[in-house]
Amino acid sequence: MNRKLLFSSIALFFVVAVALFLYMNTLTFKIQKALWGKNCTVSVAVTSKYKIFKFNNKKVPLMSVFKYFVATPVLNKLEDEKKSLNDIIVVKEDMIDRNTYSPMLKKYSPPFKISIGELLQYMVSESDNNATDILINYIGGMQKLQMELRRYRLNNINIEADEKMMTKDIDAQYLNVATPLDVIETMQVFREDKTYSYILHPLQLYKAPLLSEEHKKFLDKIMIETVTGQDKLKAGLPKDVILGHKTGMSSRKPDGVRIAENDAGFVILPNGETYYIAVFVTESKMADKENTALIAQISKIVYEYIVLKSRK
């Protein structure tokens with residue numbers, strides 16, 4: 001081998017080695033490594049000041065993550081009608097489904113009075129299904145909810161089923177869908193944007209605050225206080241990191257497949273830096289503990305990546 005060919009071979013080896021090293025330190029490689037041998041489909045999205053990251057970013061069933069998209073129009077309705085979180089709703093027996101997940105019924109028995117704020121807290125923090133359907137009806141029903149999504153030009157987020165429908169028919173659990181990136185970008189807009197252009201009618205865009213500061217803080221609070229899914233995104237984060245999130249979990253189909261195990265929200269680091277993350281595990285044949293452990297593992301991978309970037 002002549003000297004020129006030797007130097008070329010060494011240079012090529014060096015380039016390949018560097019490229020391989022760089023690739024092995026990417027989020028894509030680390031997530032792919034975590035998924036090795038896993039019997040499920042995983043979709044991930046991250047937004048931070050460093051980058052927007054997408055992995056298998058396709059529309060998947062949202063499950064209870066869709067409740068976030070109920071909370072925002074409820075808060076908008078309060079603002080539009082100049083009402084308060086302390087305003088009261090009377091809940092009657094015919095507004096309750098006794099065959100669904102509802103921690104609210106451990107405290108209340110119909111008929112009872114409850115504030116809009118407490119209903120929102122039950123819906124988001126505890127993922128209460130009855131609170132969700134009561135609030136959907138409060139804003140005008142499923143058709144009105146869909147109109148609100150279009151109003152804010154959230155055209156890639158499809159919400160077609162309430163909790164009663166999903167409890168009655170497992171196939172309805174496939175009707176509420178979005179990509180993980182659509183979910184966290186919407187969360188980021190509602191948390192951070194002071195004004196937003198939305199459709200007032202088909203020929204006019206209108207600029208107005210999405211949420212008041214009071215309601216932004218309230219929504220942050222009930223997301224941070226979420227008690228469901230402690231073994232998901234939260235389990236992959238240090239204790240000094242703040243997580244505000246909305247979780248979701250489907251039923252299992254007759255063949256044992258879990259339709260979806262989801263978690264999405266915002267992470268606030270001790271230095272105040274914030275990033276958004278969604279991890280959706282779908283069509284999983286794995287045990288529940290394996291599904292949640294995978295979400296926690298990906299959460300840890302992303303956290304370590306973001307922290308490493310913030311130190312540079």
Side-chain angles (χ1 to χ4, degrees), residues 47 62 64-91 104 113-142 144-154 157 159 162-163 176 178 182-200 205-228 242-248 263-268 272 274-278:
T47 62
L62 291 171
S64 286
V65 174
F66 99 96
K67 292 170 183 174
Y68 178 87
F69 299 101
V70 178
T72 47
V74 169
L75 293 171
N76 282 143
K77 178 180 172 68
L78 294 180
E79 293 178 11
D80 291 344
E81 298 179 3
K82 303 193 183 314
K83 293 184 177 180
S84 166
L85 287 165
N86 295 319
D87 279 16
I88 297 298
I89 286 181
V90 178
V91 177
M104 177 175 66
K113 295 179 180 179
I114 188 169
S115 70
I116 300 295
E118 194 171 0
L119 280 169
L120 283 164
Q121 190 160 15
Y122 271 115
M123 178 179 71
V124 174
S125 301
E126 300 194 43
S127 210
D128 190 290
N129 292 342
N130 277 315
T132 304
D133 283 354
I134 291 166
L135 288 171
I136 289 173
N137 289 329
Y138 172 73
I139 62 173
M142 288 301 299
K144 177 63 175 177
L145 177 56
Q146 292 163 6
M147 289 173 61
E148 287 297 295
L149 294 175
R150 302 291 85 81
R151 174 191 185 192
Y152 289 105
R153 294 183 287 164
L154 303 177
I157 297 170
I159 308 294
D162 60 15
E163 289 293 351
N176 299 339
D182 285 328
V183 171
I184 58 173
E185 284 189 331
T186 301
M187 289 180 176
Q188 185 170 8
V189 165
F190 272 91
R191 284 193 77 246
E192 298 181 7
D193 281 16
K194 293 182 178 178
T195 61
Y196 187 71
S197 298
Y198 66 85
I199 299 172
L200 187 62
L205 286 178
Y206 181 67
K207 275 197 172 183
L210 274 175
L211 292 175
S212 67
E213 289 303 313
E214 175 195 359
H215 288 159
K216 284 181 183 179
K217 290 178 181 178
F218 176 76
L219 187 52
D220 270 11
K221 175 178 177 292
I222 59 178
M223 291 179 75
I224 291 168
E225 291 174 351
T226 291
V227 297
T228 57
I242 296 171
L243 171 69
H245 60 139
K246 185 70 206 80
T247 61
D263 205 354
F266 58 89
V267 178
I268 304 176
T274 301
Y275 68 90
Y276 297 78
I277 177 173

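Every value quoted in this text rests on a predicted model; they were computed, and no experiment measured them.
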Could you check whether any side-chain heavy atom of [X] comes within less than 4.5 Å of a side-chain heavy atom of [Y], counting everything from C-beta outward?
X	Y	answer
Ile157	Phe66	no
Tyr276	Val183	no
Val124	Phe218	no

Just wondering, more than 12 heavy atoms not from Lys77 lying within 6.0 Å of its NZ?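 Above 12, so yes.
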Does Glu118 have any side-chain contact (heavy atoms from CB on, under 4.5 Å) partners at least two apart in sequence or in another chain, and if so, which?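 So Glu118 forms a side-chain contact (heavy atoms from CB on, under 4.5 Å) with Lys107, Tyr108, Ile114, Ser115, Tyr122.
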Below 4.0 angstrom, N of the basic side chain to O of the carboxylate: do Glu148 and Lys144 qualify?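 Judged by the 4.0 Å cut-off on N to carboxylate O distance, Glu148 and Lys144 do form a salt bridge.
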Quick one: do Glu163 and Lys67 make a salt bridge, cutoff under 4.0 Å?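 Looking at Glu163 and Lys67, the cut-off is met.
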Would you confirm whether [X], through its side chain, and [Y], through its main-chain N or O, come within 3.5 Å as a donor-acceptor pair?
X	Y	value
Asp128	Met104	yes
Ser125	Ile222	yes
Glu126	Gln121	no

Closest approach of Asp133 to Asp162 (non-hydrogen atoms, all atoms of both residues):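 It is OD1-CB, 3.2 Å.
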For Lys246 and Ser127, which heavy atoms make the closest approach, and how far apart are they?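 For Lys246 and Ser127, the tightest heavy-atom pair comes out as NZ-OG, 3.0 Å.
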Could you go through residues 82-91 and list every donor-acceptor pair under 3.5 Å that involves a side-chain atom there, pairing it with any protein atom two or more places apart or in another chain?
{"from": "Lys83", "atom 1": "NZ", "to": "Glu81", "atom 2": "OE1", "distance (Å)": "3.1"}
{"from": "Ser84", "atom 1": "OG", "to": "Asn86", "atom 2": "N", "distance (Å)": "2.9"}

